[in-house]
Structures are given as structure tokens and as C-alpha cells.
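Note on naming: letters A, B, ... go to the chains in the order of the sequence lines (proteins, then strands), and numbering restarts at 1 for each one.
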Amino acid sequence: MAVIDTRGMSCPQPVLMTKKAVAGSGLTSKVEVLVDNAAALGNVTRFLKSAGFKNVDASPNGDDTLIRASK
Amino acid sequence: MRKSSIIVAGALIGLMSVALVKFGNPANMGLCIACFLRDTAGALGLHRAEVVQYIRPEVIGIVIGAMGSAMYFKEFSARGGSSPLTRFVLAVAVMIGALVFLGCPLRMILRLAAGDLNALIGLAGFACGIGMGIVFLNKGFSLKRNYKQNTLEGSLLPVVMMGLLGLLVIAPAFVFFSAEGPGSLHAPLLISLGAGVIAGVAAQRTRLCTMGGIRDAILFKDFYLLMGVGAILVTAFIGNLATGTFALGFESQPIAHTDGLWNFLGLFLTGWGSVLLGGCPLRQLILSGEGNSDSAVTVFGLIVGAAISHNFGLASSAKGVTANGQMAVILLLVVVAVISVMNLPMVTEKAKELKEAM
């Protein structure tokens with residue numbers, strides 16, 4: 001499973017990092033992305049859904065948000 | 001965010017832009033972040049172009065509206081420290097490019113919606129500039145991460161904006177207000193301020209960004225932001241038709257010139273710089289309202305860029321482009337190219353290796 005820490009990054013980097021991780025590992029069916037702002041949360045969620053991840057949910061993780069997605 | 005919200009946000013901004021012109025703003029300049037920061041710089045005496053000096057309440061409203069909205073929705077977060085000086089320099093370039101074209105990307109959309117075909121060439125330049133930026137994004141361009149800051153750091157730009165509002169209301173003798181030209185044309189203060197606040201809230205909620213619209217469409221085939229930009233174009237077009245301010249053509253367009261090459265290159269520079277900054281001038285105002293002090297530094301870069309533009313004779317006018325403006329655009333394209341390359345991982349990591357080897 002790919003785990004991506006995008007904290008501190010401004011858009012579009014969180015999405016680019018997610019895209020790279022998802023594409024790079026070929027058959028990734030599970031991914032976790034740590035985001036620290038609402039814009040990144042929206043963008044990464046939208047990207048994961050369009051990349052074929054069916055279950056995408058977000059939960060608070062301290063001051064940040066952890067997005068868990070699986071196909 | 002839902003698609004319907006960004007379409008509503010874009011439609012609101014498009015309609016308000018047409019309405020602000022009816023209420024007294026210069027033609028096709030209901031909302032223009034570059035022009036309005038330039039006018040504000042002039043009012044403070046940072047440049048002495050007498051026809052473009054006025055503290056624009058729209059800009060103040062946008063920042064305050066974005067801050068209020070971010071606080072209400074618990075999204076206000078003081079952050080900064082991601083290559084602030086690089087951002088400052090990029091912002092100077094973005095502003096100089098915009099003033100060679102005569103408008104920020106938002107005004108480019110508004111000019112297009114009023115039939116100004118020079119803006120179509122500007123749009124082509126803007127899109128190509130964004131494409132250039134994307135090449136570097138795909139190679140890993142990064143201005144590095146930001147860090148949590150204390151609340152005051154994240155609130156200072158909104159505080160400065162409140163100070164500007166104070167100067168506008170009190171109008172002390174040291175503040176300059178144009179007696180003629182675009183700077184003298186403005187809607188009543190409360191209408192401008194109110195429209196700014198509404199635009200600030202709408203853009204904060206939806207993350208509306210003129211550069212982001214084209215960037216995300218190319219980079220991710222994600223058309224969410226582009227729908228907002230499209231909504232601005234369509235509603236402003238309808239508004240212009242309804243109010244009789246639509247005139248199709250290249251010649252005699254308000255506050256515009258017909259030099260295609262420099263319309264293209266001006267916004268090419270603005271588009272490229274905006275990609276590296278992560279947002280167009282409007283988006284920078286919104287982010288600075290959300291507590292992002294890197295964006296606040298960017299806004300100050302835009303203001304200084306405007307001052308340089310007019311002090312050094314770089315800004316175009318309806319008469320055309322200046323020789324100094326052309327040289328500045330070429331020089332700044334080189335500067336932006338150097339910044340693009342120097343922040344690629346292959347360069348930054350190589351530099352680290354060399355340092356460790358020594």
C-alpha cells in the first residue's frame with residue numbers, strides 16, 4: 001500500500017504526488033494520503049475518484065486529514 | 001466541492017464585474033486584480049502614474065471576505081515559509097507580464113466576454129505559459145513545503161487591507177487619487193467593497209482560480225475549476241450583451257492595445273509564473289486571506305511589480321507596448337526559466353550531493 005505525506009505542500013503538488021504514487025506502483029489498490037488543508041483534501045479526493053478508487057473516505061488525524069482509498 | 005457551487009461562484013463574479021462597470025468602474029474592469037493592485041500602489045505613491053491611482057475597495061473586500069469565510073468554515077490556518085523570496089520575484093514577473101497585456105487573467109476573461117479579440121491572443125499566451133509551467137511541474141518543480149506560523153503572521157495581510165480601507169475613507173493628503181483616467185473611474189465605495197467581499201467568499205469556498213482551471217484540465221483532465229472560469233465568461237458575455245457593452249473586434253477596445261505578439265508574451269509570462277506560484281493573482285488574494293503568508297508575500301510582490309512597471313515605463317497603454325516593457329518581458333522570461341530549472345529535484349538534489357561531497 002502506498003502512503004503519501006503531502007503536508008506543507010501547496011496545490012497542485014499533493015495531487016501530483018498522489019498521481020505519481022498511484023501510477024508508479026502499477027497495481028496499487030490501496031492508498032493513504034495525509035493532507036493538511038481543505039483545498040488539497042478536495043483535490044486529492046476528486047483525483048482518486050477519477051483514478052478509479054471507489055471507496056474514498058477522509059478522517060481527522062491530529063491537525064491533519066487522512067484520506068484512505070481503495071479500489 | 002460540488003460542480004454547481006463553482007458555476008454559481010463564477011456566474012456571481014461575472015455578473016458583478018459587469019455591474020461594477022455600470023456603477024462606475026473602468027470599461028471591462030469590473031474586477032481586475034492586477035489593475036486594482038496597480039491603482040492601489042499608485043494611491044500610496046509607490047508609482048506616480050497620475051491616471052491610475054486609487055485604493056480599490058474590491059481588493060480589500062476580496063481578502064476580508066476570504067478571511068471571514070475561511071474562519072467561519074474553520075479553514076483559516078497561518079502557514080508560510082515556502083521559498084518566500086522566490087515567490088516575491090515571481091509575483092513581480094506575473095504583474096509586469098499582466099501590465100504589458102493590460103490586465104490580469106481575470107480581466108482577460110472579462111475583456112473576452114466584451115468582444116475584445118486581443119484578449120483571445122492573451123488567452124492563447126496564458127494557456128501556453130501554463131503549459132510551460134506544467135512541463136516543470138511534471139519534472140518535479142517545487143518551492144518546498146510550508147510550515148505552521150503563528151496567527152499574527154497569517155493575519156497581517158488582512159490587517160494591512162483594513163489599514164488601506166482606513167486610508168481610503170479618511171483620504172489623507174499623502175494618498176493620491178486620480179482626477180482623470182481609469183483611476184478616477186470607480187463604483188461607490190460600499191458597492192465595490194461589498195462586491196469584493198462576495199467575490200472573496202465565493203472564491204474561497206470554491207477555490208476558483210483562472211490559472212488552475214487551465215492547469216488542472218491539462219494536467220489531470222479535471223475540469224472543475226475551468227467550469228468556474230467558463231461561468232465568468234458566459235455570464236459576463238450575457239451581461240455585456242444586455243447592457244450594450246459588447247463590441248466584437250481588435251480595434252478601439254477599452255484600455256487595450258492591438259500588439260498581438262506582446263499580448264501573447266505578456267500573459268505567457270503571467271501564466272508561467274502563476275503555475276510556479278500555484279495560483280493566479282485572484283487566488284493569491286484568497287490564500288492570503290486564509291492565512292497563507294507566502295501568498296501575502298506574493299501580493300506584496302505584485303504591488304511592487306506594479307510600481308516597477310509604471311516607474312520604469314514597462315506598462316503598456318492604449319497607445320501600445322513600450323520598448324522597456326518588451327525588454328522587461330524577455331528578461332523576466334529568462335528569470336522565470338532559471339527559477340523553474342533551479343527548483344527541479346534533479347538540480348536541488350545534485351547541489352546537495354556536491355555539498356556533502358565537499
Side-chain angles (χ1 to χ4, degrees), chain A residues 2-71, chain B residues 1-3 5-6 69-70 73-77 79-83 87 130 133-134 136-149 203-209 211-212 215-216 218-225 275-279 283-284 286-287 290-292 294-295 298 345:
Chain A
V3 182
I4 307 134
D5 182 359
T6 72
R7 287 175 300 175
M9 292 300 185
S10 49
C11 280
Q13 282 186 63
V15 184
L16 279 170
M17 290 162 81
T18 309
K19 187 183 176 188
K20 202 175 161 192
V22 173
S25 47
L27 293 166
T28 304
S29 60
K30 267 189 166 180
V31 62
E32 287 189 359
V33 189
L34 201 52
V35 297
D36 68 356
N37 66 81
L41 173 62
N43 291 343
V44 171
T45 304
R46 212 165 51 245
F47 170 75
L48 286 170
K49 283 182 180 161
S50 75
F53 286 85
K54 289 190 182 71
N55 312 306
V56 182
D57 64 36
S59 53
N61 186 312
D63 288 343
D64 311 310
T65 305
L66 184 66
I67 305 170
R68 285 197 183 85
S70 60
K71 281 191 178 168
Chain B
M1 281 304 137
R2 287 198 316 276
K3 287 173 189 170
S5 358
I6 195 151
S69 168
F73 290 98
K74 302 203 169 15
E75 288 177 359
F76 183 88
S77 165
R79 303 195 144 267
S82 160
S83 312
R87 289 176 189 274
I130 292 169
I134 288 175
F136 290 95
L137 283 183
N138 277 330
K139 287 182 185 296
F141 173 89
S142 172
L143 292 178
K144 299 287 173 291
R145 65 161 300 172
N146 61 32
Y147 300 88
K148 283 207 169 75
Q149 308 285 345
Q204 196 279 331
R205 292 318 301 148
T206 57
R207 333 281 177 219
L208 187 74
C209 173
M211 179 282 293
R215 178 198 65 198
D216 289 357
I218 300 175
L219 198 52
F220 307 120
K221 311 271 176 291
D222 177 346
F223 298 94
Y224 167 76
L225 290 175
V275 172
L276 305 185
L277 286 166
R283 181 76 185 139
Q284 300 299 337
I286 303 297
L287 286 169
E290 291 178 4
N292 188 319
D294 291 324
S295 288
T298 305

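Only the side chain of B/Lys148 comes within less than 4.5 Å of a heavy atom in chain A; its backbone stays farther off. If you measure heavy-atom distances from B/Asn292 to chain A, you find no contacts under 4.5 Å at all. The part of A/Ser10 that comes within reach of chain B is its side chain, from C-beta onward, which places non-hydrogen atoms under 4.5 angstrom from that chain. Both the backbone and the side chain of B/Leu137 have a heavy atom closer than 4.5 Å to some heavy atom of chain A. For a residue to count as touching a neighbouring chain, one of its non-hydrogen atoms must lie under 4.5 Å from one of that chain's; by this rule B/Phe73 does not touch chain A. The part of A/Asp63 that comes within reach of chain B is its side chain, from C-beta onward, which places non-hydrogen atoms under 4.5 angstrom from that chain. Of the atoms belonging to B/Leu287, not a single heavy atom falls under 4.5 Å from chain A.
The residue among A/Ala51, A/Pro12, A/Ala39, A/Cys11 with the most heavy atom pairs within less than 4.5 Å of chain B is A/Pro12.
We find the OG1-CZ distance between A/Thr18 and B/Phe220 to be 8.5 Å, quoted to the nearest 0.5 Å. Here the CG-OG distance, from A/Asp36 to B/Ser77, works out to 7.0 Å after rounding to the nearest 0.5 Å. The CZ atom of A/Arg7 sits 12.0 Å away from the CG atom of B/Asn146 when rounded to the nearest 0.5 Å. The line from CG of A/Asn37 to CZ of B/Arg79 is 7.0 Å long, rounded to the nearest 0.5 Å.
When every heavy atom of B/Leu219 is checked against every heavy atom of A/Lys19, the shortest pair comes out as O-NZ, 3.2 Å. In this structure, B/Lys144 and A/Met9 approach most closely via the heavy-atom pair C-SD, 4.4 Å. Taking all atoms of both residues into account, the shortest heavy-atom contact from A/Gln13 to B/Leu143 is NE2-N, 4.1 Å.
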